[in-house]
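Values below: every heavy atom of this structure, side chains too, minus hydrogens, waters and symmetry copies. Just so you know, these numbers come straight off a predicted model, no measurement behind them.
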Amino acid sequence: MSGVCQIQTSNYSGSMLSQTLTSIENFAWELKYRSNATRAIESGFLFLINFVSFAGNLLHGIAVIKNPNLRRTVPNMYIITLAVSDFLFSLMGTPFSVASLMTGKWPFNNFICQLQGLWILLLCAVSLQTLAVTALNRYFRVVRSRVLYQKIFNMKTTKVTIAILWIIALFAPLPYVVAGHDFFFHSGKAFCTYDAESLHEGYGVYLVLVYIAIPLIIITICYTRVFIAVRRHNLVVFRQRIRPLNRQLNFGPENPRLSVEEVKVTNILLVVVVAFLSCWTPVLVIDLVDFITGDWKLKRPVYVSYTCFGFASTALNPIIYGIMNRTFRTEYLKIFSSLKRFVLGSNTNVRIAPGVIVIA
């Protein structure tokens with residue numbers, strides 16, 4: 001299905017269109033004949049998401065390249081994986097949707113549509129699986145013993161795990177393609193996705209169970225245990241501060257007390273997960289409704305919001321790390337400083353006086 005309405009709109013009122021056309025054709029008509037204000041708001045907002053995602057994850061990548069220490073911890077390896085996935089999404093996923101919202105149709109050929117559909121499924125699977133493994137990492141570090149953690153989560157096993165995650169993620173779009181289905185432009189969501197026929201064949205259930213439900217269950221269970229353990233740890237530290245004679249208190253031989261740095265890392269990763277889930281929970285709910293009904297019966301603004309929520313998740317991590325992680329924040333400022341010198345010119349001297357910036 002091309003997703004483009006082929007009837008003469010002058011012969012139909014809005015209500016008659018809704019009764020005559022399929023849901024996708026109706027979405028296509030609404031996409032094409034939106035008001036200019038709606039067109040500007042939708043395309044402008046998604047463009048902003050894409051810009052923040054591209055610039056933020058590029059900045060994140062440059063920081064990692066410039067500071068090798070950022071590549072030497074296991075949690076940062078998972079964050080780097082997320083950044084790579086989000087950066088690729090900003091290159092090969094979101095821009096096509098921005099163009100669709102601007103033009104009111106799919107302005108590219110079928111090959112680009114197939115590429116975007118496969119790319120979105122692959123990268124979304126990578127992101128959710130990476131967050132699930134990150135949750136497991138925090139669980140073993142915070143809840144279980146340090147010895148067990150170091151045995152399971154060393155740099156060698158982490159790199160192998162990340163490679164396996166990408167391979168497993170390929171099996172998100174692969175069954176759909178092997179079954180002979182083509183991705184099509186969903187004019188409500190403004191990106192290329194799986195067709196309605198695959199929903200009836202169980203592909204949608206497969207995606208939800210394997211690539212959404214299982215990671216979410218792992219994330220929820222692990223971070224619940226982590227939250228309880230960190231809360232207990234903070235209570236022990238507080239008691240030790242007010243009772244100096246009881247400094248022997250800890251979590252026991254199997255749960256050594258966490259360092260301040262470990263608690264900070266855990267808190268940052270928890271914020272990353274909460275932010276990600278805040279974006280993906282509406283997506284999951286809408287997908288469940290579609291899978292149950294076997295069609296796309298919700299209103300177009302709901303599906304536009306669906307796209308904005310899902311795509312916005314790719315822009316969050318650089319912002320979170322810039323705010324909460326001192327090392328990344330320092331690297332960001334160094335990059336901005338270098339960029340500023342480049343823009344102003346290498347011979348420009350900048351002197352800062354109280355309340356005044358003097359450029360000589």
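Counting only distance, with no hydrogens or angles, the side chain of S85 and the backbone of L123 share a donor-acceptor pair below 3.5 Å. Checked by atom type and distance alone, the side chain of T161 pairs as donor or acceptor with a backbone atom of T157 at under 3.5 Å. Looking at T158, its side chain never comes within 3.5 Å of a backbone N or O of F153 through a donor-acceptor pair. Judged by distance alone, with hydrogens and angles left aside, the side-chain atoms of T281 form no donor-acceptor pair with the main-chain N or O of S278 at under 3.5 Å. A donor-acceptor pair under 3.5 Å is formed between the side chain of R34 and the backbone N or O of L31.
Residue A125 comes nearest to A172 through the heavy atom pair CB-CB, 4.0 Å, listed as atom of the first residue, atom of the second, then distance. Nearest heavy-atom pair, R71 versus M77, reported as atom, atom and distance to 0.1 Å: O-SD, 3.6 Å. The two residues A229 and V142 come nearest to each other via the heavy atoms CB-CG1, 3.5 Å. Summarising the geometry of Y78 relative to T130, their closest heavy-atom pair is O-CG2, 3.5 Å, with the distance given to 0.1 Å. Smallest separation of non-hydrogen atoms from D290 and K297: OD1-N, 4.4 Å. Shown here for H60 and A83, the closest heavy-atom pair between the two residues is CD2-CB, 3.6 Å.
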Which is it for L122 and L170 under the side chain to side chain contact (heavy atoms under 4.5 Å, CB included) test, yes or no, and what are the steps along the way? CA-CA 6 Å; L122 171 66; L170 282 172; 3.9 Å; yes

Using the side chain to side chain donor-acceptor pair (under 3.5 Å) rule, take R138 and T134 through it: C-alpha gap first, then chi angles, then the decisive distance, then the call. CA-CA 6 Å; R138 290 297 88 192; T134 303; over 6 Å; no

With ring-ring contact (aromatic ring centres under 6.0 Å, His included) as the criterion, how do F183 and W106 come out once you've worked through the C-alpha distance, each side chain's angles and the decisive distance to 0.1 Å? CA-CA 13 Å; F183 295 102; W106 179 253; over 10 Å; no

L316 and V272: CA distance, side-chain angles, deciding distance, side chain to side chain contact (heavy atoms under 4.5 Å, CB included) verdict: CA-CA 8 Å; L316 297 176; V272 169; over 6 Å; no

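No continuous path of ILVMFWY side-chain contacts below 4.5 Å connects V285 to Y303, so the two sit in separate hydrophobic clusters. Placement of F227 and F140 in two distinct hydrophobic clusters is found when ILVMFWY residues are connected by side-chain heavy-atom separations under 4.5 Å, directly or transitively. Hydrophobic clustering (side-chain heavy atoms under 4.5 Å, transitive across Ile, Leu, Val, Met, Phe, Trp, Tyr) keeps V143 apart from I217. The cluster map of Ile, Leu, Val, Met, Phe, Trp and Tyr, joined by side-chain heavy atoms under 4.5 Å apart, puts F328 and I65 in different clusters. Follow the hydrophobic side-chain contacts under 4.5 Å out from L333 and you never reach I335; the two are in separate clusters.
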Only pairs under 3.5 Å count here: list side-chain donor-acceptor contacts from residues 46-56, not counting sequence neighbours, and write none if there are none.
residue : atom : partner : partner atom : Å
S53     : OG   : N57     : ND2          : 3.4
S53     : OG   : T314    : O            : 3.3
S53     : OG   : T314    : OG1          : 3.0

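Within 6.0 Å of CZ on F108 lie more than 12 heavy atoms contributed by other residues, nucleotides or ligands. Environment of CE in M102: sparse, with no more than 12 heavy atoms of neighbouring residues, nucleotides or ligands closer than 6.0 Å. Counting non-hydrogen atoms of neighbouring residues, nucleotides and ligands closer than 6.0 angstrom, the CZ atom of R225 reaches no more than 12 such neighbours. Annotation for F171: atom CZ does not count as buried by contact number, only 12 or fewer foreign heavy atoms lying within 6.0 Å.
To the nearest 0.5 Å, atom CG of residue D287 and atom CD1 of residue I292 are 11.0 Å apart. K189 NZ to S97 OG: the interatomic distance, rounded to the nearest 0.5 Å, is 11.5 Å. If you take CZ on R300 and CZ on F27, they are separated by 9.0 Å, rounding to the nearest 0.5 Å. Distance check, rounded to the nearest 0.5 Å: CD1 of I79 to CG of L70 gives 11.5 Å. How far OG1 of T103 is from NZ of K32: 10.5 Å, rounded to the nearest 0.5 Å. Distance check: F276 CZ to L269 CG gives 13.5 Å after rounding to the nearest 0.5 Å.
For C192, the disulfide bond (SG atoms under 2.5 Å apart) test picks out C113, with sequence neighbours left out. Residues satisfying the ring-ring contact (aromatic ring centres under 6.0 Å, His included) test with Y306, not counting sequence neighbours, are none.
Put simply, the side chain of L207 does not reach to within 4.5 Å of the side chain of I212, judged on heavy atoms. Contact of the L59 side chain with the P318 side chain is not registered, since no non-hydrogen atoms from C-beta on lie closer than 4.5 Å. Proximity of W280 to L216: side-chain heavy atoms (C-beta onward) are nowhere separated by under 4.5 Å. The shortest side-chain heavy-atom distance between Y149 and R144 does not fall under the 4.5 Å cut-off. At a threshold of 4.5 Å between non-hydrogen side-chain atoms, the residues Y321 and N76 count as touching. Using a 4.5 Å heavy-atom threshold, the side chains of N69 and T327 count as separate. Contact annotation: the side chain of L58 approaches that of F87 to within less than 4.5 Å [non-hydrogen atoms, C-beta and beyond]. Within the 4.5 Å cutoff, the side chain of H186 has no heavy atoms near those of the Y194 side chain.
N110 and Q114 share a donor-acceptor pair across their side chains, judged by distance under 3.5 Å alone.
Test R141, Q150, M155 against V74 for side-chain contact (heavy atoms from CB on, under 4.5 Å) and you get one pass: M155. When each of L121, D182, L118 is tested with V177 by the rule side-chain contact (heavy atoms from CB on, under 4.5 Å), just one qualifies, namely L118.
Checked against a 6.0 Å centroid threshold, the rings of F311 and F89 count as neighbours.
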